[in-house]
Amino acid sequence: MILQITCNEMKRTLRSSGFWLAVGLALLILLTSGVYKDLDGTTYTVLSATYELERAQLVGYNLRVENTLTGFIIYQLSMYGPLLAALSFATVLCEEQKYGVRRYLLFKEGKKRYVISKALTAIFTSGLCFLVIGFLFFVFLYWNYPMRAECSPDYYMWFLENKLPNMTGFVPFVFELLGEKAFIVLALVGTFLYGVFCGFIGFICTAFFSNIYLAVCIPFFCGYIYYSIVSSFDGRLLEGSVTMETYTAIHSYMSPEGYVQFWEKAEYCLFNMAALVVVWMVAIVIHMMSMQKASDCGVSR
């Protein structure tokens, strides 16, 4: 029953304007971000570099698909990630609360079934939103930018000989099955996981706010705080007041880098996956508690 309700909710959420607005906004951010700055001070964005630079120049500047895909999702979306994830599903949840639909659904499904189905919908919607963003960005890069094999033809052999033997789990199998394409597939899986992680803040907000602006802006505020804190450590690393081990841990535990590049950071992967479960369990419990305080089947006291 919960699975059926979740599937129906997913169909409705994926047709909502919020989901595709989040996808479009993320692509706009990624395509208009600076990717290269030449000696004259001219800055090229991902989009402008495709028609202002020759392919040979892109190869010479080492602007390859794999690094641009993961790097831009990690660094350009770190501040906007919680906002985009919340926007993908919060419009539907806020409208239900605002127009009294939640009262009917709670009466029909019960509080427990309602919260779990909404949580599953938010989890898969936020992850799928980021997966679509990553895939569309990859398609653009694939048709306009060189792959790693073109820029660094010996890298894959070096990776097979030095890095892959030290990796465990399903990663060696994926590379055996897909070859160099595994870099892209694993990056997209990591992008999905990052989207799932970003979604929990917005889900908590929808328990208390029927105003879509609050449900989206509060996650953005949290993302901005995280981005500011992490950026401050970049300067501290250059000053020498923060060690490389501390800096790496900050960028690996519950972070965009830790999820998007989960397969490269095996020592942090288990913690990050456990954290993913914990934060969503907390979000579900908070939603349950807010429902327990509801009167008249969904209207908060």
Side-chain angles (χ1 to χ4, degrees), residues 2-3 5-30 70 72-74 76-97 114-137 187-209 212-224 226-227 254-260 262 272-287:
I2 291 179
L3 183 60
I5 295 172
T6 302
C7 290
N8 292 333
E9 290 293 329
M10 281 287 297
K11 292 176 183 178
R12 190 159 65 98
T13 306
L14 293 178
R15 290 196 298 265
S16 69
S17 58
F19 181 88
W20 295 107
L21 179 60
V23 172
L25 182 60
L27 290 176
L28 180 64
I29 293 170
L30 293 172
T70 57
F72 272 60
I73 289 174
I74 289 171
Q76 301 300 331
L77 296 187
S78 61
M79 182 167 62
Y80 302 100
L83 178 151
L84 297 170
L87 186 60
S88 68
F89 62 81
T91 52
V92 174
L93 294 180
C94 289
E95 285 177 359
E96 287 182 358
Q97 187 173 352
Y114 173 85
V115 173
I116 293 177
S117 63
K118 293 300 182 184
L120 291 175
T121 301
I123 289 170
F124 288 112
T125 300
S126 55
L128 188 59
C129 177
F130 274 63
L131 181 61
V132 171
I133 292 167
F135 178 75
L136 293 178
F137 189 48
L188 292 177
V189 172
T191 302
F192 176 87
L193 293 175
Y194 178 47
V196 172
F197 173 74
C198 287
F200 85 95
I201 302 175
F203 186 67
I204 292 174
C205 291
T206 58
F208 303 101
F209 305 111
I212 181 62
Y213 299 106
L214 287 175
V216 169
C217 289
I218 290 176
F220 172 72
F221 182 66
C222 295
Y224 178 78
Y226 168 81
Y227 179 80
M254 298 177 67
S255 68
E257 192 170 349
Y259 286 107
V260 176
F262 73 100
N272 285 334
M273 296 305 107
L276 203 60
V277 175
V278 170
V279 295
W280 272 102
M281 288 299 295
V282 171
I284 291 173
V285 169
I286 292 175
H287 246 273

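One-based numbering along the sequence shown. Predicted model only: the values in this text are computed from it and were never measured.
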Trp20 and Arg15: side-chain contact (heavy atoms from CB on, under 4.5 Å), yes or no, with the steps?
CA-CA 8 Å; Trp20 295 107; Arg15 290 196 298 265; over 6 Å; no
Using ring-ring contact (aromatic ring centres under 6.0 Å, His included) as the criterion, list what pairs up with Phe203, not counting sequence neighbours.
Trp280, His287
Got a sec, which pairs hit salt bridge (charged side-chain N to carboxylate O under 4.0 Å, His left out) with one end in residues 274-286, sequence neighbours left out?
none
With the side chain counted from C-beta on, respond yes when Leu193 and Phe262 share a heavy-atom pair under 4.5 Å apart, and no when they do not.
yes
What side-chain hydrogen bond (donor to acceptor under 3.5 Å, both in side chains) pairs are there with at least one residue in residues 76-87, not counting sequence neighbours?
Ser33-Gln76
Sole candidate of Val216, Thr206, Ile212 that passes side-chain contact (heavy atoms from CB on, under 4.5 Å) when paired with Thr91:
Ile212
Within this structure, what is the OH-CZ distance for the pair Tyr213 and Phe220, rounded to the nearest 0.5 Å?
15.5 Å
Tell me every residue that passes side chain to side chain contact (heavy atoms under 4.5 Å, CB included) with Phe221, counting only those two or more places apart in sequence or in another chain.
Ile225
Sorted by chain and number, sequence neighbours left out, side-chain hydrogen bond (donor to acceptor under 3.5 Å, both in side chains) with Glu96 holds for Arg12, Tyr114, Lys118
Exercise answer: donor-acceptor pairs, residues 125-133 side-chain atoms, under 3.5 Å, sequence neighbours excluded:
residue, atom, partner, partner atom, Å
Thr125, OG1, Thr121, O, 2.6
Ser126, OG, Ala122, O, 2.7
Ser126, OG, Ile123, O, 3.1
Ser126, OG, Gly195, O, 3.3

For the residue pair Ile74 and Tyr194, establish whether any side-chain heavy-atom pair is separated by less than 4.5 Å.
no
Might you confirm whether atom OH of Tyr226 has over 12 heavy atoms from other residues, nucleotides or ligands at distances under 6.0 Å?
yes
Shortest non-hydrogen contact from Ser88 toward Ala85:
OG-O, 2.5 Å
Leu28: which residues meet the side chain to side chain contact (heavy atoms under 4.5 Å, CB included) condition with it, sequence neighbours left out?
Thr32
When rounded to the nearest 0.5 angstrom, what is the spacing between OG1 in Thr6 and CD1 in Ile116?
9.0 Å
For Phe209, enumerate each residue passing the side chain to side chain contact (heavy atoms under 4.5 Å, CB included) test, keeping only those at least two apart in sequence or located in another chain.
Cys205, Leu214, Ile218
With sequence neighbours excluded, what pairs up with Leu21 under the side chain to side chain contact (heavy atoms under 4.5 Å, CB included) test?
Leu87
Quick one: closest heavy-atom pair of Pro219 and Pro82, and the distance?
O-CB, 3.2 Å
Phe208, CZ atom: more than 12 neighbouring heavy atoms under 6.0 Å:
yes
For Gly134 and Leu188, work out which heavy atoms get closest and say how close.
C-CD2, 3.5 Å
Could you tell me whether Met281 atom CE has more than 12 heavy atoms of other residues or ligands within 6.0 Å of it?
no
Approximate separation, where rounding is to 0.5 Å, of Leu30 CG and Ile73 CD1
6.5 Å
Would you please name every residue forming a ring-ring contact (aromatic ring centres under 6.0 Å, His included) with Phe197, sequence neighbours left out?
Phe200, Tyr259
How long is the straight-line distance from OG1 of Thr191 back to CG of Leu77, given to the nearest 0.5 Å?
9.0 Å
State, to 0.1 Å, how close Thr70 and Ala187 come at their nearest heavy-atom pair, and which atoms those are.
CG2-CB, 3.6 Å
